[in-house]
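Structure first, then comments.
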Amino acid sequence: MVYKELKERIHWIINQNEYSINKRMTLICRTLKDTNDYYDWVGFYFANHDAKTLHLEAFAGVPTDHTIIPFGKGICGQVANAGKNFVVDDVKAQNNYISCNIHVKAEIVIPLFKDGINIGQLDVDSHTLNPFSKKDEYLLEWVNEKVALIL
Ligand code: SME
């Protein structure tokens, strides 16, 4: 993958002010998924801090039943509480994991901060074992920083 081109494309999407925020986030998910052969599902969840739940706002890949996730449940729910990147090389090694699809072998969840508050997250599932590196963390952190600017 050519990161420079990918970032330019995401920049372009972010700046399409005539598109709704949901449309821009959906396009970002699609772009990330289509550009990385080991990104098989990509989605943004956002937090309801009163209800302590995460809500799926935009995604690319097969639809999931897990559109609402309580804080603390699964990898996503743990990131809602901890506010730190969570890289899972092998989902079978996790006790607190919500399976969306039997083909998923690994997952990365990156919190999204707005004004220092953990308001959501970017979640990527992979059908490949142990596929993620620091490069993925930096890329997805960068995406979240850009998305935060339009929220
Ligand atoms: N696997 C996640 C749930 C969300 S799906 O991957 C789309 C988790 O354990 O939180």
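In what follows, residues are counted from 1 in the order of the sequence shown. Read the numbers this way: they start at 1 and go in the same order the structure lists the ligands and their atoms. Heavy-atom basis, side chains included; hydrogens, waters and symmetry copies ignored.
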Is atom NZ of K84 surrounded by more than 12 heavy atoms (other residues, nucleotides or ligands) closer than 6.0 Å?
-> no
Per-residue contact class, Y45 against ligand 1 - non-hydrogen pairs under 4.0 Å = side chain
In terms of the angle between their ring planes, are F46 and F44 parallel, tilted or perpendicular, with boundaries placed at 30° and 60°?
-> parallel
Counting heavy atoms only, which part of D125 comes closer than 4.0 Å to ligand 1: side chain, backbone, both or neither?
-> side chain
Closest approach of any protein heavy atom to atom 5 (S) of ligand 1, naming residue and atom = C100 SG, 2.4 Å
Which word best sums up how the rings of W41 and F59 line up, parallel for under 30°, tilted for 30 to 60°, or perpendicular for over 60°?
-> parallel
What residue and heavy atom of the protein are closest to atom 3 (C) of ligand 1, and at what distance?
-> I98 O, 3.6 Å
E107 near ligand 1 by a heavy-atom separation under 4.0 Å = yes
Have a look at ligand 1 and work out which part of C76, if any, has a heavy atom under 4.0 Å from it: side chain, backbone, both or neither.
-> both
Heavy-atom contacts with I75 under 4.0 Å: which atoms of ligand 1 show up? List them by number with element.
-> 8 (C), 9 (O), 10 (O)
Only one of V147, L27, L149, I21 forms a side chain to side chain contact (heavy atoms under 4.5 Å, CB included) with I14, so which one is it?
-> V147
Given that the side chain starts at C-beta and the backbone is N, CA, C, O, which of these parts of F59 lies under 4.0 Å from ligand 1, counting heavy atoms, or is it both or neither?
-> neither
Run the numbers for me: atoms of ligand 1, each under 4.0 Å from some heavy atom of D123, listed by number.
-> 4 (C), 5 (S), 6 (O), 7 (C)
Hey, is NZ on K73 packed in by over 12 heavy atoms from elsewhere, all under 6.0 Å?
-> no
Salt-bridge test for R9 and E5: reply yes if a basic N is under 4.0 Å from a carboxylate O, no otherwise.
-> no
Might you point out which heavy atoms bring P131 and A106 nearest each other, and give the distance in Å?
-> CD-CB, 3.4 Å
